[in-house]
Q: 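Provided herewith is a single structure, encoded as structure tokens, for subsequent inquiry.
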Amino acid sequence: TVILYGRQVLQLDKVSLAIRERTGQVVHRAELIRAILDKYAGALNPEAKDFDKMVRELFPILGE
């Protein structure tokens with residue numbers, strides 16, 4: 001289970017609604033989250049040379 005911020009839920013709902021309007025297909029929040037993770041999680045490769053930079057961009061507090 002993951003708790004999302006309201007702004008994140010709103011964005012997922014906007015995307016879901018746009019998909020439904022354009023394709024007629026219903027896509028649920030959980031499906032969107034899984035699809036986004038499948039597409040972009042590979043970019044967080046701990047072996048990549050820019051991994052530390054990416055982590056600091058995602059979590060600015062870690063760069064302090």
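None of the values given here were measured: they were computed from a predicted structure.
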Q: Spell out, yes or no, whether V15 and V26 are grouped together once hydrophobic residues are joined by side-chain heavy atoms under 4.5 Å, including indirect joins.
A: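 No, V15 does not connect to V26 through the hydrophobic network.
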Q: Kindly work out whether a path of hydrophobic side-chain contacts (I/L/V/M/F/W/Y, heavy atoms less than 4.5 Å apart) joins Y40 to I19.
A: yes
Q: Give me the atom names and distance for the closest heavy-atom approach of R29 to D13.
A: NE-OD1, 2.7 Å
Q: In the structure I gave you, are the side-chain heavy atoms of Q8 and Q11 within less than 4.5 Å of one another anywhere?
A: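 The answer is no; the side chains never approach within 4.5 Å.
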Q: Treating Ile, Leu, Val, Met, Phe, Trp and Tyr as nodes and any side-chain heavy-atom pair under 4.5 angstrom as an edge, say whether V9 and V2 lie in one connected cluster.
A: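 Linked within one cluster.
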Q: How far apart are the closest heavy atoms of L32 and L12, and which atoms are they?
A: CD1-O, 3.3 Å
Q: Is it true that I36 and L17 fall in one hydrophobic cluster, defined by side-chain heavy atoms closer than 4.5 Å?
A: no
Q: I need the D38 CG to R34 CZ distance, nearest 0.5 Å.
A: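 Reported to 0.5 Å precision, the distance equals 9.0 Å.
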Q: Check Q25, E21, R20 against T23 for a side-chain contact (heavy atoms from CB on, under 4.5 Å) and give me the one that passes.
A: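 Among Q25, E21, R20, the one meeting side-chain contact (heavy atoms from CB on, under 4.5 Å) with T23 is Q25.
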Q: For I33 and L4: C-alpha separation, side-chain torsions, deciding distance, then whether side chain to side chain contact (heavy atoms under 4.5 Å, CB included) applies.
A: CA-CA 11 Å; I33 292 167; L4 300 174; 3.9 Å; yes
Q: S16 side chain to H28 main-chain N or O, any donor-acceptor pair under 3.5 Å?
A: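 Judged by distance alone, no pair lies under 3.5 Å.
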Q: Please answer: with hydrophobic residues joined when any side-chain heavy atoms are less than 4.5 Å apart, are L44 and I61 in the same cluster?
A: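 Yes; I61 is reachable from L44 via cluster members.
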